[in-house]
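Take a look at the structure set out below.
Chain identifiers are assigned alphabetically (A, B, ...) following the order of the sequence lines, protein sequences preceding nucleic acid strands; residue numbering begins at 1 within each chain. These figures come from a predicted structure and were not determined experimentally.
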2 protein chains.
Amino acid sequence: MSKRKAHATANSPVRESVEPEQLGPTLLDDTLGYSLRRAQLQVFQHFTATMAVHDIRPAQFSALVVVEANPGVTQSALAQALGIDPPRVVNLIHKLEERGLALRVRCKRDRRSHGIFLTKSGETLLAELKQLALDSDRRATVNLSDAERTQLLALLQKVY
Amino acid sequence: MSKRKAHATANSPVRESVEPEQLGPTLLDDTLGYSLRRAQLQVFQHFTATMAVHDIRPAQFSALVVVEANPGVTQSALAQALGIDPPRVVNLIHKLEERGLALRVRCKRDRRSHGIFLTKSGETLLAELKQLALDSDRRATVNLSDAERTQLLALLQKVY
DNA sequence: TATTGTTATACTCTATAACTATA
DNA sequence: TATAGTTATAGAGTATAACAATA
């Protein structure tokens, strides 16, 4: 009987601890949930390390990108676009506003709403961040060919 | 000039807030980081909802699976296999032990190490959990054909 | 009465450093 | 001195409920 296939349980006679050099594959490797999580963590670790010099977190970057593409977007629309809850947007935008990268403008027609815009400084920084992000994304997935990368993107977008 | 391509900045004359029905695609949709995150969140939401009745979190499930496949695995080996830090394993196993699903056995040769085993009750529950997990995984990705699912799994495992 | 944004809050996840007991 | 596990702690992420201003 191979070590991997040992069938010791809490009630069986053999219950000595084992430290395999390398644990084998399990059912986890057949689930998209686990594989997605591992892959996502790896790519985010690259991203976070790359962006650390600018102190930009993934959520902040995604907010900047969406605001740039949709100047004047409201906070509720931004929340929906990013798939996060409104209270998170408050903090997210507040931090960006503190750093002078974005700002809120009260809507004249509906004074409850705030339109969000990038500042000039925000646009300048984002231009650099976007390049860094694309580079990081590629370096984190260097095991994939260009064709595989495109294929993976398409499959992921079919999922969500 | 289309609404989407409006180029209002904080310093430009047009800075009224806008609430588009549906924000358009951005650079985010070309990055694996963002797409992986969105897909992973969707699959995890399905998983969490499915497992709620058993009060099992993703990390707990993955620990149970690895322990079952590697009875007697030490906590440090488990941490490495799951890609998490040793302090997290402590809490993870502690909760499983409290619920009578797993237990720690001190290693006789090296009394610093603990081998982890499933209890009979843990094995019984896990058998059900595995079926639920596979079902949830499939339901969360019904947009994919079997071939696409296999392809996606292979690509993800190439990434991490 | 409904909606936008906000505050307060709490709970989970995650990472780090420091401690203990064994080696 | 080094290692396995543990404790303590803090920070980030996330979700909910309740509130203020406005519609």
Per nearest nucleotide of DNA chain C, the residue lying toward the 5' end, A:Arg37 or A:Arg104, is A:Arg104
Applying salt bridge (charged side-chain N to carboxylate O under 4.0 Å, His left out), which residue pairs with at least one partner in residues 86-98 of chain A are found, sequence neighbours left out?
A:Glu97-A:Arg104
Just jot down the side-chain contact (heavy atoms from CB on, under 4.5 Å) partners of B:Gln45, sequence neighbours excluded, or say none.
none
Please list, for nucleotides 8-12 of chain D, all pairs of protein and nucleotide N/O atoms separated by less than 3.5 Å.
none

Are B:Gln60 and B:Arg57 close enough that a side-chain donor and a side-chain acceptor fall under 3.5 Å?
no
Mind calculating the distance between CG (A:Asp85) and P (C:dA10) to the nearest angstrom?
18 Å
Is there a side-chain polar atom (N or O) of A:Ser76 under 4.0 Å from OP1 or OP2 of C:dG5?
yes
Counterpart residues, side-chain contact (heavy atoms from CB on, under 4.5 Å), relative to B:His54 (two or more places apart):
B:Ile56, B:Leu125, B:Glu128, B:Leu129, B:Leu132
DNA chain C nearest-nucleotide lookup for A:Val90 and A:Leu41: closer to the 5′ end is A:Val90
Between B:Phe61 and A:Tyr34, is the ring centroid distance below 6.0 Å?
no
Kindly give the atom pairs (protein nitrogen or oxygen, nucleotide nitrogen or oxygen) under 3.5 Å for nucleotides 19-23 of chain D.
{"unit_1": "D:dT22", "atom_1": "OP1", "unit_2": "A:Arg111", "atom_2": "NH2", "d": "3.3"}
{"unit_1": "D:dA23", "atom_1": "OP1", "unit_2": "A:Arg111", "atom_2": "N", "d": "2.8"}

What residues form a side-chain contact (heavy atoms from CB on, under 4.5 Å) with B:Ala39, not counting sequence neighbours?
A:Leu36, A:Leu156, A:Val159, A:Tyr160
